[in-house]
Asks: 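Have a look at this one before I ask anything.
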Protein chains: 2
Amino acid sequence: MSSGRGSERVLILLEWLAGQTRAVTLAEASAALEAPKSSVLNLLRMLVDMGYAEREGDTAYRLVRLPGEVAAGHVLQGTLLRRCEPAVRAAVAASKETGFIAVVDGAYVRYLCKILPDREIRYDRNIEIPRRTVQVSSGVAILTGLSDAALADEAARAEAEGLGAAQALVERVQEARAAGYAVTRRGVVEGAAGVAAPILDAKGKVVGALNIAGPAARLAENLDQIIDIVRSGAAEASAALGWRGAPLGA
Amino acid sequence: MSSGRGSERVLILLEWLAGQTRAVTLAEASAALEAPKSSVLNLLRMLVDMGYAEREGDTAYRLVRLPGEVAAGHVLQGTLLRRCEPAVRAAVAASKETGFIAVVDGAYVRYLCKILPDREIRYDRNIEIPRRTVQVSSGVAILTGLSDAALADEAARAEAEGLGAAQALVERVQEARAAGYAVTRRGVVEGAAGVAAPILDAKGKVVGALNIAGPAARLAENLDQIIDIVRSGAAEASAALGWRGAPLGA
DNA sequence: TGAACGCGTTCAGTATACTGAACGTACCAT
DNA sequence: ATGGTACGTTCAGTATACTGAACGCGTTCA
């Protein structure tokens with residue numbers, strides 16, 4: 001079995017660079033990796049070419065980004081899922097209802113995960129079916145990140161498709177913006193209801209939503225508590241992605 | 001100039017894996033990278049061997065960690081610096097005093113960076129000189145992370161070295177724990193003073209301190225404001241490292 | 001039931017990466 | 001001013017990685 005000496009070395013080099021606090025020289029890196037200077041030089045040059053490092057003057061290299069790292073304003077969905085899943089698990093444990101992470105995909109909401117509560121009567125649906133954003137609380141929560149113009153466009157499109165009055169949708173999103181969460185008291189699925197709050201990335205851009213859903217009657221009984229749990233969970237998920245400001249609607 | 005086809009590919013593979021939300025097959029990865037199956041198989045096997053991915057059943061691979069990624073309870077200092085520097089910059093801008101990030105190194109505090117305020121009379125010192133933890137506010141802030149037993153040991157050691165009464169040091173650290181920050185009204189450097197608060201990692205372990213320092217008289221004039229800025233900054237830095245709870249002393 | 005298909009895996013042949021030695025340059029010590 | 005040292009860089013020769021074709025297996029479809 002073989003993969004390259006270079007492949008392994010570049011990962012070791014990245015780990016070592018991540019541990020350095022200042023720019024490093026070729027000689028330092030070569031010594032640290034116990035590899036020939038010419039080999040390490042090629043690796044460093046490749047890292048510069050690929051945007052992971054930059055040259056500092058004539059003699060030093062500085063790491064600027066790691067592979068897969070959450071860059072400002074750009075979250076990879078796998079990373080989003082890995083970083084945010086603990087917050088969803090915590091919200092499911094606290095609320096004892098089903099939790100989801102949703103992202104937007106065109107005019108649809110797609111679900112990255114579903115976490116079921118440990119109880120017998122629970123809301124369980126197939127998350128491979130995307131939903132129209134305007135029809136679910138996750139979608140409404142995500143729409144809070146749109147500009148007013150983009151929101152008006154989206155609402156007009158939904159109205160043209162017979163999915164409800166544009167004005168009503170705009171109002172609903174504006175309410176969600178002010179409150180920091182969206183509620184669907186009657187979901188697409190008969191008898192289900194849900195609460196969702198937006199997840200922000202490091203720059204405060206809405207990249208997804210955390211959603212807790214369950215039987216409508218049960219959610220109605222505990223709505224205030226569910227709302228708190230969802231908002232806390234979304235704040236935790238946002239923090240995990242690097243957002244450091246207040247949650248929406250705070 | 002050449003570094004391996006494998007070296008470049010493994011980074012592309014990691015970026016792609018970071019964007020996937022579920023475990024992937026060899027065939028999917030091969031298609032995504034537009035590379036031969038046998039080549040990609042070797043790369044995936046190497047990632048499993050190195051602990052970045054794990055095999056899921058017979059046919060799928062899942063990313064579990066990225067190179068240089070902050071793992072729970074273990075922050076690489078370069079990553080700590082890259083993640084926390086923006087918080088220090090913000091604190092320097094707000095306070096108009098000099099900011100530092102400090103980490104512990106044995107019985108010494110070492111400084112990872114110094115950020116100077118944009119003003120003419122400012123506190124500027126050589127950060128290559130480490131300081132004894134017990135003698136600076138950064139050190140005291142970091143000592144708040146010790147257990148009572150470890151703190152007692154450290155205090156006894158400092159007393160034996162003629163650096164002050166053990167009891168006084170223990171009390172000082174306990175005050176800092178309760179308050180969430182430490183103040184040095186008279187620093188090692190004549191006429192300087194400083195405020196520091198601990199920086200926590202994702203598991204709540206103290207890994208460093210954020211410190212604002214300046215001329216003693218000027219800090220005395222604005223102490224309450226500086227304290228708020230330092231605590232906010234340390235909370236922001238901690239959040240950047242994945243800590244999601246309340247700051248110390250909240 | 002049998003053929004076709006797709007996937008994971010192997011390995012001999014092909015292709016290319018890796019590196020040791022040497023060079024040019026800058027810096028330091030005498 | 002000169003010699004020594006260390007670093008970044010180059011490149012011809014050396015070493016090893018990469019991969020196309022084939023295989024075994026499981027699944028699907030007619």
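Note that this is a predicted model, so its numbers are computed, not measured. Note on naming: letters A, B, ... go to the chains in the order of the sequence lines (proteins, then strands), and numbering restarts at 1 for each one.
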Asks: Between the side chains of A/Glu15 and B/Arg65, is the shortest nitrogen-to-carboxylate-oxygen separation below 4.0 Å, so that they form an ion pair?
Replies: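 Here B/Arg65 pairs with A/Glu15 in a salt bridge, since their nearest N and O are under 4.0 Å apart.
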
Asks: Answer with yes or no whether A/Ser38 presents, from its side chain, a donor or acceptor under 3.5 Å of a partner atom in the base of D/dG8.
Replies: no

Asks: Under 4.0 Å between a Lys/Arg side-chain N and an Asp/Glu carboxylate O for A/Arg157 and A/Glu161?
Replies: no

Asks: Quickly work out the B/Asp58 CG to C/dC7 P distance and round it to whole Å.
Replies: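 Those two atoms, CG and P, are 15 Å apart.
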
Asks: Using whole Å, report how far CD of A/Glu28 lies from C1' of D/dA6.
Replies: 13 Å

Asks: Could you check which of D/dC18, D/dG20, C/dT9 has an atom nearest any side-chain atom of A/Ser7?
Replies: D/dC18

Asks: Check the distance between C/dG8's P and B/Lys37's NZ and give it to me in whole angstrom.
Replies: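 Taking atom P of C/dG8 as the reference, NZ of B/Lys37 is at 7 Å.
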
Asks: Rounded to the nearest Å, what distance is computed from the CD atom of residue A/Glu8 to the P atom of nucleotide C/dC18?
Replies: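 To the nearest whole Å, that distance equals 12 Å.
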
Asks: Please state whether the base of D/dG8 and the side chain of A/Thr25 form at least one donor-acceptor pair under 3.5 Å?
Replies: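 No such pair is found, so the answer is no.
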
Asks: Roughly how many Å is it from CG in A/Leu41 to C1' in C/dA17, rounded to a whole number?
Replies: 14 Å

Asks: In this structure, how many angstroms lie between the C1' atom of C/dG8 and the CG atom of B/Leu43, rounded?
Replies: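 My rounded result for the distance is 15 Å.
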
Asks: Is A/Arg131 close enough and on-axis enough to A/Tyr108, meaning under 6.0 Å and within 45°, for cation-pi?
Replies: no

Asks: Out of B/Ile115, B/Asn211, B/Ile199, which residue meets the side-chain contact (heavy atoms from CB on, under 4.5 Å) rule with B/Ile101?
Replies: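 By the side-chain contact (heavy atoms from CB on, under 4.5 Å) criterion, B/Ile101 pairs with just one of B/Ile115, B/Asn211, B/Ile199: B/Ile199.
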
Asks: Any idea which of C/dC18, D/dG8, C/dT9 is nearest the A/Arg9 side chain?
Replies: C/dC18

Asks: Let me know the distance between CZ of B/Arg45 and P of D/dA17, rounded to the nearest Å.
Replies: 15 Å

Asks: Return the value, rounded to whole Å, for the distance between atom OH of B/Tyr61 and atom P of C/dC7.
Replies: 14 Å

